[in-house]
Amino acid sequence: MKSDNVKCGTQQAPHRSLFNALGFTEEERKRPMIGIVSSYNEIVPGHMNLDKIVEAVKMGVAMAGGMPVVFPAIAVCDGIAMGHIGMKYSLVTRDLIADSTECMAIAHQFDGLVMVPNCDKNVPGLLMAAARVNIPTIFVSGGPMLAGHVKGQKRSLSSMFEAVGAVAADKMTMDELCEFEEKVCPTCGSCSGMYTANSMNCLTEALGMGLRGNGTIPAVYSERIRLAKHAGMQIVELVNKNIRPRDIMTKDAFLNALTTDMALGCSTNSMLHLPAIANEAGVDLNLDIANELSAKTPNLCHLAPAGPTYMEDLNEAGGVYAVLKELTKKNLLNLDVMTVTGKTMGENIKNAVNLNPEVIRPVENPYSTTGGIAVLKGNLAPDGSVVKRSAVVPEMLEHTGPARVFDCEEDAISAIKGGKIVPGDVVVIRYEGPKGGPGMREMLNPTSAIAGMGLGASVALITDGRFSGASRGASIGHVSPEAALGGPIAFVNEGDMIHININENLIELLVDDAELEKRKVGFVPKETDIKSGYLLRYRELVTSAAKGAVLKVPGKN
C-alpha cells in the first residue's frame, strides 16, 4: 500500500508515534488509509450538512476495512459572494482546492480519497485534484436543496435575484420580495435548479466518478446518508482493485460527460470546468468539440432557470442514469468506459428507466434536437464564447442590436436598474475575464435584473466574464480573447451594431476590419485595482477562458 511509506518499517517509527498521538491503533494502521476531503463549513448552504455526509463516509470506510482520515477543503458561496469584490474570489478557489488537496494527499501518502464537495468550485477543483494525484478516488456530494414554494409555485435562488429586478421595475412590491426572501431557499443543499453545482455533480455521475444519485438525491433525504456510506465502502474496493481516476476519466468519459451536459442543459460554467479537469487527466477537450456534440445531442431537460422543474423532480424521474439511458437510444454514449462502481457505464445504466417523460423528455420528443449549450465564434470572439441555448427564448436566438458598453459589472447594473437599457440593446460588459477581473466574476445580477425588468426577450448580454447557472436569456459569456488581452471586445464602441445567431454559432461585431485596426492603435488595457495578494498571482498565471482558465504550467502552456 502507498501508505506503507508512512506506516511501515524501522525508519517510519517516528511516523507511527505521530499516528499514536492521533489516537490511531496498530490495527487501523494495517488497513488502507483513506483520505476524506471534507468541504464542510458554516457559510455555504450546500456545505452545512457535509459533516453528516463525512461521518457516514467514515463509517462506510471502516465497515469495509479501511482507515478513514478527514482533512478539509475551502468553499465559497457564489450567491453570497455575488455582485461585489467577493465574486473575484470564486473561480480562483478552484485551483486552490486542487492544489491544497494535492498537497495533503501526497504529503501523507493516502491510499485512496473520498471527495465530499457540493457547490460550484469544489466539485471541479476536487475532480482536478483527483486526476492530478491519480490514486483511487470516489465522489459523494452533499446533494441539492429542495425547491421553495411561493404562492403555490416552486421557486429557487434565480427567482430571488429576478425578484430584485422586478422591484426595480415596479413590478413587485417590497412585501412580495420579502416573501420570496423567506421561502425560495428552504433547506440546506446546493441551490435547487440546474445551476453550476448541480450541473457538476450530475456530470460527476456521467464521468463515472460518482455513484448513482450523487447528482440528484436531495440533501435532506436520508438516502443521501446511505449513499455516503456506500461511497465509503466502495473506495476500499477501488483501492483493492487499484482503479484510479485516469482509468475512469478517459477521453471517451469526457465525451460522455459533455454529451450529458447537452442533454441536461447544464450551466455554461461546465465549459470552463470540463476542459480544466480534462487537462489534469491529460485529455485535450477544446470548445469546438462542444458544437460537434451539440449538433447530434437532443436537449431533454429544462430545469430551472430554463423551465419549471427542479433537481428533486429530476431525481424522482430517474436521475442522471435515466438521462443516460435515453441517450443510448441514439448511440450517443460510449458504454464501455470504467466507473467507480467497478463496472462499465453500460452495466450501471442497464436497468435505468425514465419515470417521468415530462421531466426527462424521451429522445423521440426532445425540447430541441440540439444540445443545451452552444459555442459562438466570430470577429467579436475569435476563440469562442458560450451561451446556454436551452435557456434562451426563441425570439432571441437571432438578434441584432446596438452595443451598450460597460467596463465593469457595477456600471451595467446601474444602467439596467436606472431604466437606461431598452428593448433591442446588446449590453457589453468587459474587463471581467480571468485576467481582467481578475477572477472572471459571474454576472447573475445583471442577467437577473434584465429578466426581472421584463427585458429577457429583447435584450442580450455579452461579457468576457461568466454567468451563474442561474442566469437565463441571451447571456453570452467567456468571450475570448478577453478585453485585458486586447481581444476584440476591448474595441467595441457605444452604439456599434452586434449580430448574434445562436443557431448558426455566430457572434459578430458589425464594424469593418479597417476601423477595428484603427481602434487598436495605442491600445492600453484598463488598469486593475488589484495590487497584491492571491488575485495578483492568479492574474499573472491564468490562461484564457477558451482553455478552461487553467493556470500556466512552466514548459506546458
Side-chain angles (χ1 to χ4, degrees), residues 60 64 112-115 123 126-127 130-131 133-141 199-217 226-264 266 270 274 277-278 280-285 289 293 296-298 300 314-315 317-355 360 362-363 371:
L113 296 171
V114 182
M115 306 296 199
V123 184
L126 291 177
L127 282 166
V133 176
N134 200 36
I135 60 174
T137 303
I138 193 169
F139 278 67
V140 56
S141 77
S199 294
M200 295 309 302
N201 281 320
C202 287
L203 295 182
T204 299
E205 283 191 62
L207 265 177
M209 291 297 293
L211 298 177
R212 181 176 189 169
N214 182 61
T216 60
I217 297 170
R226 300 198 300 271
L227 179 73
K229 291 177 182 176
H230 281 125
M233 290 185 270
Q234 186 60 23
I235 188 59
V236 178
E237 182 174 342
L238 292 173
V239 170
N240 290 337
K241 292 182 177 179
N242 196 29
I243 298 174
R244 303 182 181 213
R246 291 192 190 183
D247 300 325
I248 295 169
M249 290 194 282
T250 61
K251 181 66 173 283
D252 285 334
F254 279 103
L255 295 179
N256 283 349
L258 195 49
T259 299
T260 308
D261 188 334
M262 297 298 171
L264 284 170
C266 291
S270 62
L274 285 176
I277 300 159
E280 295 288 355
V283 173
D284 180 30
L285 194 71
I289 296 175
L293 292 179
K296 58 184 180 182
T297 304
L300 306 181
L314 179 59
N315 186 63
V320 175
Y321 274 26
V323 175
L324 295 172
K325 190 63 177 289
E326 287 290 344
L327 293 174
T328 64
K329 296 177 182 178
K330 294 191 72 173
N331 298 315
L332 293 173
L333 301 174
N334 186 314
L335 300 178
D336 295 327
V337 293
M338 180 53 61
T339 71
V340 291
T341 65
K343 300 176 181 179
T344 65
M345 182 66 75
E347 291 174 300
N348 288 347
I349 68 173
K350 181 180 179 181
N351 297 318
V353 178
N354 181 356
L355 299 174
I360 304 171
V363 292

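Atom set for the values below is all heavy atoms of this structure, side chains included, hydrogens, waters and symmetry mates excluded.
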Donor-acceptor contact below 3.5 Å, side chain [X] vs main chain [Y]:
X	Y	result
N240	V236	yes
T204	M209	no
D247	R244	yes
E280	L127	no
N256	L333	no
E205	G215	yes

| said: Tell me whether the count of non-hydrogen atoms from other residues, nucleotides or ligands lying under 6.0 Å of NZ in K329 goes above 12. | reply: yes
| message | Can you tell me if K350 has over 12 outside heavy atoms packed within less than 6.0 Å of its NZ? | response | no
Distance in Å, [X] [atom1] paired with [Y] [atom2], rounded so as to fall on 0.5 Å steps:
X	Y	atom1	atom2	answer
L207	D252	CG	CG	12.0 Å
L203	N214	CG	CG	11.0 Å
M249	N134	CE	CG	8.0 Å
L264	L314	CG	CG	6.5 Å
Y321	L211	OH	CG	7.0 Å
I135	N242	CD1	CG	10.5 Å

Can you find a heavy atom in the side chain of [X] that is under 4.5 Å from one in the side chain of [Y]?
X	Y	result
V340	I243	no
I349	L335	yes
N348	R212	no
V353	K325	no
V133	P245	no
L300	V363	yes
I235	P136	yes
K296	L332	yes

Looking only at non-hydrogen atoms, find the nearest pair between [X] and [Y] and report the distance.
X	Y	value
T297	A263	CG2-N, 4.0 Å
Q234	G342	NE2-N, 4.0 Å
I360	G319	CD1-O, 3.9 Å
A352	A322	CB-N, 4.2 Å
I217	L227	CD1-CD2, 4.2 Å
A253	V337	N-CG1, 4.0 Å

| With sequence neighbours excluded, residues passing salt bridge (charged side-chain N to carboxylate O under 4.0 Å, His left out) with K251 | none
| Can you name the salt bridge (charged side-chain N to carboxylate O under 4.0 Å, His left out) partners of K241, sequence neighbours left out? | E237
| Chi angles and distances behind the side chain to side chain contact (heavy atoms under 4.5 Å, CB included) call for T250, V283 | CA-CA 7 Å; T250 61; V283 173; 5.8 Å; no
| field | With sequence neighbours excluded, residues passing side chain to side chain donor-acceptor pair (under 3.5 Å) with N315 | value | T216
